[in-house]
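See structure below.
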Protein chains: 2
Amino acid sequence: MDQINIEKSPRVGIAEALALAIHEHRLAPGTKLGEDDLGEIFGVSRTVVRAALQKLAHDRLVELKRNRGAFVAKPSVREAREVFEARALVEPPTARAAAERATAEDIAALEKHIDAEHAAIEAGNAGAALYLSGLFHLEIARIADQTTIAAFIDQLIARSSLIIALYWQRRNALCESHAHHELLKAMADHDGDRAEELMTSHLVDLHTSLDLRNTQTAPRSLREALEV
Amino acid sequence: MDQINIEKSPRVGIAEALALAIHEHRLAPGTKLGEDDLGEIFGVSRTVVRAALQKLAHDRLVELKRNRGAFVAKPSVREAREVFEARALVEPPTARAAAERATAEDIAALEKHIDAEHAAIEAGNAGAALYLSGLFHLEIARIADQTTIAAFIDQLIARSSLIIALYWQRRNALCESHAHHELLKAMADHDGDRAEELMTSHLVDLHTSLDLRNTQTAPRSLREALEV
DNA sequence: GTCGCAACAATTGTATACAATTCGGTCGAC
DNA sequence: GTCGACCGAATTGTATACAATTGTTGCGAC
């Protein structure tokens with residue numbers, strides 16, 4: 001819990017801070033998020049902490065158990081499958097629309113994202129790289145000019161981060177940044193067909209790089225294995 | 001506000017009660033939802049009212065203006081377009097999946113929904129009919145066994161209800177229940193192609209039955225016309 | 001008469017106090 | 001020795017009190 005070194009942060013919401021920590025894998029799935037603890041860390045009362053936790057719970061990033069507290073969510077394999085199926089359904093058409101609409105500034109913004117992603121990988125900060133990788137997808141949705149779908153994708157990306165934390169198989173570095181490069185190229189060429197196709201295969205790659213065979217999420221204790 | 005006749009309701013969340021009221025057009029877009037008022041109506045303190053309002057705000061059913069309060073959302077024409085574009089993207093494939101998976105019980109459940117919808121129309125309760133019409137779509141997502149997408153569709157349906165309240169053009173009765181019948185038939189036949197196709201045209205019909213020409217949401221006062 | 005300013009009323013934002021529930025441990029019975 | 005129940009600490013759920021912000025209304029100056 002104490003890896004969050006934000007004390008009395010000026011004006012960044014604590015929900016955003018927690019979401020970022022989850023994105024970057026600094027908060028592991030299953031971590032208990034006590035209201036008093038968070039309140040002390042952020043220098044606010046439980047009231048505002050609860051509001052943040054409820055927001056995160058609605059985004060399925062934390063699980064709220066009645067009278068038990070908030071925990072970083074641990075998506076089941078079924079949930080993991082559903083999330084990636086949803087992404088496979090929504091993101092390719094969005095990438096197509098983005099490719100057809102993208103302006104020069106949009107392309108530049110995407111390039112900046114990829115650069116930042118590479119920088120994070122160079123720096124050995126895998127968590128930040130993962131987060132920036134997600135931002136790349138979100139930026140595409142933004143370019144497509146569909147804020148409603150973008151919000152949905154945002155949620156799916158956040159949950160994907162949890163899923164990756166739980167089920168990531170390949171221990172080698174993120175080999176997918178190449179896919180982002182290709183996507184960028186397709187969008188720069190306004191090639192909607194190729195962008196859609198690339199996004200589809202990119203998501204398939206991501207999905208198949210997970211180990212979703214186990215029906216249970218490797219419980220560390222008997223209690224976890226049997227809890228409802 | 002006082003058209004909500006639920007006083008000290010035993011165990012139905014007040015967020016659900018408000019959502020239902022919005023669904024059924026008993027709460028018009030723009031209606032102010034004062035915390036004290038709601039607290040008194042439901043017999044709870046502002047604490048729980050605020051939690052409910054935040055949940056509804058996250059679903060885009062109410063708009064939270066800082067230090068000003070909560071209001072039933074008034075989707076812009078752009079938002080309306082986006083919502084129906086999102087539905088057009090997501091629902092047809094879902095209908096296909098549902099058609100391929102539907103069991104006899106699923107078909108029976110859908111029939112029950114249609115019957116209830118007809119009964120509401122007979123009774124002249126247009127609000128309830130609209131709500132049940134939405135439930136039909138949600139049930140299809142449930143049959144498709146995609147809870148993540150179902151949750152998204154749920155949100156889109158709820159927002160559609162607001163959009164219909166604002167932009168509905170045809171003053172005659174809901175002529176669309178025929179479309180639901182056809183969809184039901186396609187699903188009973190496990191005809192995925194036809195189900196997807198029917199859903200697409202059904203959503204197009206719905207979309208085109210709206211009046212989204214005006215760039216502004218028919219403001220009743222200069223204040224509304226100029227407010228950000 | 002209109003514009004600007006100021007004080008007020010009303011409502012939300014936040015903190016704190018209290019009640020309710022759960023979990024863990026310990027004692028006791030079999 | 002094991003199982004069960006009771007009790008206590010800890011944490012969440014809810015209510016209430018207080019602070020801060022906003023919109024309005026009234027007064028006064030130009």
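Chain letters run A, B, ... following the sequence lines, proteins first and then strands; every chain starts at 1.
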Taking [Y]'s backbone N and O only, do any of them form a donor-acceptor pair with [X]'s side chain (distance below 3.5 Å, no angle check)?
{"X": "B:S133", "Y": "B:A129", "result": "no"}
{"X": "B:Y131", "Y": "B:L20", "result": "no"}
{"X": "B:H23", "Y": "B:I157", "result": "no"}
{"X": "B:D154", "Y": "B:A151", "result": "no"}
{"X": "B:E82", "Y": "A:T147", "result": "yes"}

Are any protein N/O atoms closer than 3.5 Å to N/O atoms in nucleotides 18-22 of chain D? If there are, list each pair with its distance.
unit_1: D:dT21; atom_1: O3'; unit_2: B:N67; atom_2: ND2; d: 3.2

A:R50/A:E35 ion pair, N-O < 4.0 Å: yes

Salt bridge A:E79-A:R159, side-chain N to carboxylate O under 4.0 Å: yes

Any B:S45 side-chain N or O less than 4.0 Å from OP1/OP2 of D:dA15: yes

Whole-Å distance separating the NZ atom of B:K65 from the P atom of C:dG13: 13 Å

Interatomic distance, B:E35 CD vs D:dA15 P [rounded to whole Å]: 13 Å

Contacting residues from residues 48-59 of chain A, given that a heavy atom lies under 4.0 angstrom of DNA chain D: A:R50

Mutual orientation of the aromatic rings belonging to A:H207 and A:F84 [parallel < 30°, tilted 30-60°, perpendicular > 60°]: tilted

Plane angle bin for B:F152 and A:F152 - parallel if under 30°, tilted between 30 and 60°, otherwise perpendicular: parallel

Interface polar pairs with nucleotides 6-8 of chain D, N/O, under 3.5 angstrom:
none

Single hit among A:I163, A:L130, A:L210 for side chain to side chain contact (heavy atoms under 4.5 Å, CB included) with A:W168: A:L210

